[in-house]
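Remember, it's 1-based here, ligands and their atoms both numbered in the order they're listed. Worth saying up front: this structure is predicted, and the values here are computed from it rather than measured. Numbers for residues simply follow the sequence, beginning at 1.
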Amino acid sequence: MENKFPFNPKTLLIFTIFSCFSFEKMVECGEIGINWGRQTSHRLIPSMVVDLLLQNGIRNLKLFSPSENVLKAFAGGNIIEITVTLPNESLQHIVNPSTSAYWLQERVGKFQECNINVRHVHVGIEPFSTFSRNITYDNAKDALRRIQEGLIVNGYKNVTATTPHFTDVLKPNVKKPSEADFRPDLKPKMIEFLSIINASKAPFVVNIFPIHFASEQNWDIEFSFINNKSNFTIEDNGLIYKNVFEFVYDSVLHAMKKAGAPDLKLMVGHIGWPTDGYPGANTANAERFFREFLPYIKKNIGTPLRPNTSIDVFIHSLADENLNKIDLGAFQRHWGVYRSDGEPKYKIDFTGEGCDIYPTTAKGVVLMPKRWCTYHGLSKNLTKIKKQFELACKEADCTSLSVGGSCSHLTFNQNVSYAFNRYFQKKAQWSSTGKLCDFDGLGKIVTEDPSVGMCVFPVEILAAELPDSGGLSSGEERVCGFFGVVLILNLLGLLFLGLV
Ligand SMILES: *[C@@H]1O[C@H](CO)[C@@H](O)[C@H](O)[C@H]1NC(C)=O
Ligand SMILES: *[C@@H]1O[C@H](CO)[C@@H](O)[C@H](O)[C@H]1NC(C)=O
Ligand SMILES: *[C@@H]1O[C@H](CO)[C@@H](O)[C@H](O)[C@H]1NC(C)=O
Ligand SMILES: *[C@@H]1O[C@H](CO)[C@@H](O)[C@H](O)[C@H]1NC(C)=O
Ligand SMILES: *[C@@H]1O[C@H](CO)[C@@H](O)[C@H](O)[C@H]1NC(C)=O
Ligand SMILES: *[C@@H]1O[C@H](CO)[C@@H](O)[C@H](O)[C@H]1NC(C)=O
Ligand SMILES: *[C@@H]1O[C@H](CO)[C@@H](O)[C@H](O)[C@H]1NC(C)=O
Ligand SMILES: *[C@@H]1O[C@H](CO)[C@@H](O)[C@H](O)[C@H]1NC(C)=O
Ligand SMILES: CC(=O)N[C@H]1CO[C@H](CO)[C@@H](O)[C@@H]1O
């Protein structure tokens, strides 16, 4: 694959850093970071991702599963600021000052000591959200309080702690931002939560899914883009709202104000546009969204309520995750700017300069051999074909075939081939029986790419990432120059604390 990047990336990076300051006001521009989740069968090698981020001028990264081998890849550079996450399921285990201190040491301190720039901690993710589940994590604020105290007591001066929230912490279906408030059932919790972050001056973090918000409100999808082409606007006490982003951002500001914290910084922990599996989810729309949104952020335009203010955002997300849950829909596996093999899906200029460029691809990725497993198309036994199709899809990711997906236009036979191939690739093209592409006699290996238009039949990457022991397999694993002190004794506790 040729390099699609037309500039010397280093020059561009330097240029960006300088163009990022307004010299008159010395106001820093909004930061554009990215989220990296790793729920995939074939993972990109962490050092390649570090390179990818640097080449694209991305200086902020959020990790959902901050495993040790991933964090170690950032050793020495100090350029990329990292946010680590304490998973929801681990919140209940932060029960006292020592568990808090222990987690901080294992996921922040240990890495800071070797110049890995871990600067932010997200304690839980959307703990009060019922978007995907009925359970909520009410203990999130207690864990946040303990982590916050842990930061102070243990001398982590440069580290902030907060918890991102989804937009469903707001009362639904308000017509104007000024009417916004936290949901009545959550309000006491949100007030308590706000007082914790207010005391430490940590930002409030909101996660936004623009097309979803628009569809919930019955708005035209056009309103999800920064430069809407529709004639729809919302007027609110003399302020004009022209898109979902400004509407949501100011709604949260109003809610924060009503909860007694009007001056806190508000950042966006998660904003993205999936390319499959949701009405309006496709690469053309995703490309357009970011082409308008990122320069809007970089120019510090702000919102009607906070004009000319810088807003920090994290793009969601780096690459597709074929093992993500799909309880809400196929889109959950298609958030990536990149496919799981490190190829970009669309043009995006991460620096916010608005250039019409593809981002650089992941260097050094090795694909498995260019071969695909397809249905030979010769059987008359429909029962058998359907059965094999279902077996393949049960194991592999067939979400692109679903309604609205990039492969929803395939014929029945192409459908079956797509499924066979996903299975074949997921199993790394190999099985001890040599019968991986058999499918009860229906499969056939081909060497010509069977992709159909926008529907890509992928070849997976060689899964070269070392198995992640989280430092557990050996008590003396070296962590960038010194010995990690991880005791096998604590294995169970580590699992609970979400360190693996
Ligand atoms: C959530 O709870 C409601 C009723 O309280 C129920 O109808 C729904 O099926 C539940 N959803 C999930 C995902 O458990
Ligand atoms: C918990 O964490 C996951 C991410 O791992 C997130 O998607 C979910 O919304 C969170 N909250 C709840 C209440 O499950
Ligand atoms: C932390 O902040 C202090 C000043 O507040 C600064 O001198 C120091 O270099 C920072 N440390 C790191 C690791 O960024
Ligand atoms: C937030 O902090 C300010 C002082 O910095 C204080 O005046 C205000 O009452 C606090 N608000 C909440 C909700 O704790
Ligand atoms: C917007 O309004 C202009 C002038 O009233 C009209 O010509 C145009 O068709 C409208 N556009 C849409 C998308 O409704
Ligand atoms: C925002 O900046 C623009 C141009 O820099 C200026 O015209 C405008 O007055 C500013 N608005 C506020 C509220 O500061
Ligand atoms: C079709 O395939 C199924 C197995 O999936 C088999 O049980 C059945 O006998 C086959 N039918 C014919 C007509 O060959
Ligand atoms: C292909 O598979 C998808 C997902 O199972 C299904 O919705 C679609 O109808 C199938 N298409 C054909 C032509 O059978
Ligand atoms: C940024 C932008 O072009 N927004 C437009 C959205 O729609 C309204 C109503 O037509 C326009 O006035 C805005 O200019």
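With a heavy-atom cut-off of 4.0 Å, Pro127 touches ligand 2 through its backbone alone. When non-hydrogen atoms are compared, ligand 4 lies under 4.0 Å from neither the backbone nor the side chain of Met256. Only side-chain heavy atoms of Tyr137 come within less than 4.0 Å of ligand 2; its backbone N, CA, C and O stay farther off.
Within ligand 2, counting atoms from 1 as listed, the ones closer than 4.0 Å to a heavy atom of Ser129 are 13 (C). Short contacts between ligand 2 and Ile135, defined as distances under 4.0 Å to a heavy atom of the residue, involve ligand atoms 13 (C). For ligand 2 and Glu126, the ligand atoms under 4.0 Å from any heavy atom of the residue are 9 (O), 10 (C), 11 (N), 12 (C), 13 (C). Below 4.0 Å from some heavy atom of Ser195 lie the following atoms of ligand 4, by number and element: 14 (O).
Cation-pi geometry between Lys62 and Phe314 is met: under 6.0 angstrom from the ring centre, within 45 degrees of the axis. Taking the ring centre of Phe111 as origin, the terminal cationic atom of Lys72 falls outside the region bounded by 6.0 Å and 45° from the ring axis.
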* Asked: Step by step, would you call Trp335 with His270 a ring pair (Phe, Tyr, Trp, His ring centres under 6.0 Å)?
  -> CA-CA 11 Å; Trp335 286 108; His270 178 144; 5.8 Å; yes
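Using a 4.0 Å cut-off between a side-chain N of Lys or Arg and a carboxylate O of Asp or Glu, Arg333 and Glu321 do not qualify as a salt bridge. Checked for salt-bridge contact, Lys257 and Asp263 miss the test: no charged N lies under 4.0 Å from a carboxylate O. Using a cut-off of 4.0 Å between Lys/Arg side-chain N and Asp/Glu carboxylate O, Glu390 and Lys394 are scored as not salt-bridged.
Looking at Arg38, Lys345, Arg43 one by one, the single match for salt bridge (charged side-chain N to carboxylate O under 4.0 Å, His left out) with Asp320 turns out to be Lys345.
A donor and an acceptor atom, one from each side chain of Thr275 and Asn282, are nowhere located under 3.5 Å apart. Under the 3.5 Å distance criterion, with hydrogens and angles disregarded, a donor-acceptor pair is assigned to the side chains of Gln332 and Asp327.
The side-chain hydrogen bond (donor to acceptor under 3.5 Å, both in side chains) contacts involving residues 414-428 comprise Glu395-Lys427, Thr411-Gln414, Tyr418-Arg422, Asn421-Gln425, Gln425-Gln429, where partners must be two or more places apart or lie in separate chains.
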Are there any N/O pairs under 3.5 Å between ligand 7 and the protein, and if so, what are their distances?
unit_1, atom_1, unit_2, atom_2, d
ligand 7, 2 (O), Asn381, ND2, 2.3
ligand 7, 11 (N), Asn381, ND2, 2.8
ligand 7, 14 (O), Asn381, ND2, 3.4

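When only interatomic distances are considered, the shortest N/O to N/O separation between Gly260 and ligand 4 falls below 3.5 Å. Among the atoms of Lys325, none of the N or O lies under 3.5 angstrom from an N or O of ligand 2.
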